[in-house]
2 protein chains.
Amino acid sequence: MTVPDGRSFIEEGSPAHDFFVVTDGRVKLFTLLPDGRRQITGFAEGGDFLGLAASTSYAFGAEALGTAVLCRFPHASMQRLTDRFPNLEHRLRQEASRELSLMQARLTLLGRKTARERLATFLMERIHLLAPPCHANASQVEFDLPMPRTDIADYLGLTIETVSRVLSAFKREGLINIRGITHITIMQPERISAIAEGLE
Amino acid sequence: MTVPDGRSFIEEGSPAHDFFVVTDGRVKLFTLLPDGRRQITGFAEGGDFLGLAASTSYAFGAEALGTAVLCRFPHASMQRLTDRFPNLEHRLRQEASRELSLMQARLTLLGRKTARERLATFLMERIHLLAPPCHANASQVEFDLPMPRTDIADYLGLTIETVSRVLSAFKREGLINIRGITHITIMQPERISAIAEGLE
DNA sequence: CCCCAGACTTGATCCAGGTCAAGGTGAGGG
DNA sequence: CCCTCACCTTGACCTGGATCAAGTCTGGGG
């Protein structure tokens with residue numbers, strides 16, 4: 001199942017028939033308020049699971065971020081799979097629990113952190129998504145942000161203007177460098193990390 | 001395992017050896033920032049599970065809210081149980097997924113709702129915790145808040161003063177009534193519900 | 001019945017981040 | 001090569017909720 005950039009493939013609140021695995025590319029998950037306010041509840045990429053809740057309707061919408069490739073498993077066939085491979089059920093629980101732990105951190109971010117702390121935390125998250133060797137003890141790390149500023153804002157519970165201002169401030173302070181729109185170099189990872197934890 | 005009021009029994013970041021089931025009473029789960037800011041990530045009561053993540057350390061701290069009674073299951077014995085009763089694994093996954101759906105709503109609350117909307121949402125949550133018959137189509141619902149204002153504030157990402165002010169405003173507007181400190185009567189459930197969704 | 005400590009409420013002021021409003025900028029198409 | 005549109009940045013101003021600072025309630029113990 002290939003989903004083109006920007007195409008929505010899960011409608012929030014619609015009946016949940018399928019379970020998905022992201023094979024390639026990226027997707028964003030979000031919830032909406034009636035007046036259009038949006039909260040992005042997560043980004044998923046290769047290897048991530050979607051729709052773990054075998055409940056009756058989806059608690060979120062999902063949309064491709066760039067072209068994405070997914071595997072779709074109707075609940076019935078998942079049932080058959082878990083019957084045949086009991087370990088799978090354990091694996092799914094592990095996955096759900098891991099996600100749950102991440103959510104705790106995200107609640108703290110949205111409920112208690114300042115804009116600077118949110119952006120710093122977001123940058124650290126991106127660093128940890130890179131292959132481990134890249135950030136072991138490097139004094140600089142670089143990567144591309146796959147999502148536009150609007151998505152970063154909706155993920156962090158901020159406005160696009162605030163995201164832009166804080167990134168500019170980080171750049172002005174020599175903590176990061178920005179090339180083009182998407183390419184970020186973290187100049188001082190340890191200071192970004194300190195800001196993320198609320199230590200400065 | 002009986003835990004007295006206010007006693008902390010899970011330390012955030014400590015090695016996760018056990019899985020808990022709340023048998024009686026209530027507990028609060030929270031994460032802390034180094035400078036003391038606190039986010040309550042959830043309240044658990046009779047029948048709820050704690051520590052689903054079979055990871056190496058707890059992602060949250062936990063503390064009794066009033067006297068609470070818990071069952072503690074070391075991970076090793078959980079393993080034995082799930083080996084013996086394969087359905088249990090499925091049950092645990094369901095529980096984790098249900099929790100995950102709730103988390104999505106909570107992210108939206110913390111990231112995108114106003115103080116009034118947060119308090120209204122919180123009140124609706126309390127209503128839905130009551131036995132179903134109570135709120136089927138009642139024109140009024142009443143209950144006691146088991147937690148102090150400080151905990152409500154840390155749960156909703158607000159300060160105690162804002163919680164107090166908004167509750168006073170709801171009372172002034174005839175939406176709710178407050179007797180003593182803890183007893184709440186929802187006078188106009190449908191309007192509270194509308195505020196919760198951001199519709200007024 | 002009164003006292004007291006802890007919890008809540010209320011008021012005055014402040015400020016981080018939102019809102020509104022112009023400008024930049026750069027990637028893709030003609 | 002330049003145009004243009006979508007996206008991003010920057011500036012000026014505003015406001016919801018935080019902060020700071022008094023009060024006030026209340027319920028439990030003597």
Side-chain angles (χ1 to χ4, degrees), chain A residues 4-6 28 33 35-40 65-67 109-122 144-173 176-184 195 198 200, chain B residues 4-6 28 33 35-40 65-67 109-122 144-173 176-184 195 198 200:
Chain A
D5 186 20
K28 53 189 176 197
L33 289 175
D35 63 3
R37 276 173 286 175
R38 183 178 71 152
Q39 176 66 43
I40 291 191
L65 187 60
T67 306
L109 180 141
L110 293 175
R112 291 299 182 210
K113 289 189 179 180
T114 65
R116 275 175 76 84
E117 289 163 1
R118 292 180 200 203
L119 261 304
T121 307
F122 173 71
D144 281 283
L145 293 178
M147 71 289 284
R149 301 287 189 266
T150 311
D151 287 351
I152 301 179
D154 284 346
Y155 180 61
L156 299 178
L158 299 169
T159 59
I160 181 176
E161 293 94 332
T162 300
V163 169
S164 186
R165 276 188 249 275
V166 171
L167 287 180
S168 298
F170 281 171
K171 183 175 179 180
R172 206 177 321 118
E173 297 166 31
I176 67 175
N177 200 10
I178 308 180
R179 262 215 334 281
I181 286 174
T182 62
H183 195 83
I184 303 257
I195 294 173
E200 72 174 275
Chain B
D5 187 20
K28 53 190 175 197
L33 289 175
D35 64 1
R37 277 173 286 173
R38 184 178 70 153
Q39 176 67 43
I40 291 190
L65 187 62
T67 305
L109 180 142
L110 292 175
R112 290 298 181 213
K113 289 189 179 179
T114 66
R116 275 175 77 85
E117 290 163 1
R118 293 180 199 203
L119 260 305
T121 307
F122 173 72
D144 281 283
L145 293 177
M147 72 289 286
R149 300 288 189 267
T150 311
D151 287 350
I152 300 178
D154 283 347
Y155 180 62
L156 300 178
L158 299 170
T159 59
I160 180 175
E161 293 94 331
T162 300
V163 169
S164 186
R165 276 187 249 274
V166 172
L167 287 179
S168 298
F170 282 171
K171 183 176 178 179
R172 205 176 322 117
E173 296 166 32
I176 66 173
N177 199 10
I178 308 180
R179 263 215 333 284
I181 286 175
T182 60
H183 195 82
I184 304 258
I195 295 172
E200 73 172 277

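Each chain gets a letter, A, B and so on, in the order the sequences are listed, and its residues count up from 1.
- For the pair A:A169 and A:R116, the tightest heavy-atom approach, listed with the atom from each and the gap, is CB-NH1, 4.4 Å.
- To the nearest angstrom, P of C:dG26 lies 12 Å from CZ of A:R179.
- Here the rule is side chain to side chain contact (heavy atoms under 4.5 Å, CB included) with A:L158, and of A:L119, A:V166, A:I152 only A:L119 fits it.
- Here the side chains of B:P148 and B:I181 are not in contact, with every heavy-atom distance at 4.5 Å or above.
- Taking all atoms of both residues into account, the shortest heavy-atom contact from B:K171 to B:I178 is NZ-O, 3.6 Å.
- On the nucleic acid side, DNA chain D has its first and last nucleotide under 4.0 Å of a heavy atom of chain B at D:dG17 to D:dC20, going 5' to 3'.
- Across every non-hydrogen atom of A:T121 and A:K113, the tightest pair is OG1-NZ, 3.0 Å.
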For this session: Report the C-alpha separation of B:F170 and B:I195 in whole Å, then their side-chain angles, then the decisive distance to 0.1 Å, and conclude whether the side-chain contact (heavy atoms from CB on, under 4.5 Å) test is met.
Result: CA-CA 11 Å; B:F170 282 171; B:I195 295 172; 4.2 Å; yes

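- When side chains are defined from C-beta on, B:L110 counts as touching B:Q39, because their heavy atoms get closer than 4.5 Å.
- Considering only heavy atoms from C-beta on, B:Y155 stays 4.5 Å or farther from B:L109 through its side chain.
- When the P atom of C:dA16 is taken as reference, atom CG of A:L119 falls 16 Å away, rounded to whole Å.
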Please write out the pairs of protein N or O atoms and N or O atoms of nucleotides 6-10 of chain C separated by less than 3.5 Å, giving the distance to one decimal.
| from | atom 1 | to | atom 2 | distance (Å) |
| --- | --- | --- | --- | --- |
| C:dC8 | OP1 | B:R149 | N | 3.2 |
| C:dC8 | OP2 | B:R149 | N | 3.3 |
| C:dT9 | OP1 | B:R149 | NH2 | 3.4 |
| C:dT9 | OP2 | B:R149 | NE | 3.1 |
| C:dT9 | OP2 | B:S164 | OG | 2.7 |
| C:dT9 | O5' | B:S164 | OG | 2.9 |
| C:dT10 | OP2 | B:S168 | OG | 2.5 |

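- Using modelled atom types, one side-chain atom of A:D35 and one backbone atom of A:R37 make a donor-acceptor pair closer than 3.5 Å.
- For the helix from C:dC1-D:dG30 to C:dG30-D:dC1, the rotation axes defined at the first and last 5 base pairs enclose an angle of 30°, given to the nearest 10°.
- Between A:R149 and A:L167 the shortest side-chain heavy-atom distance falls below 4.5 Å.
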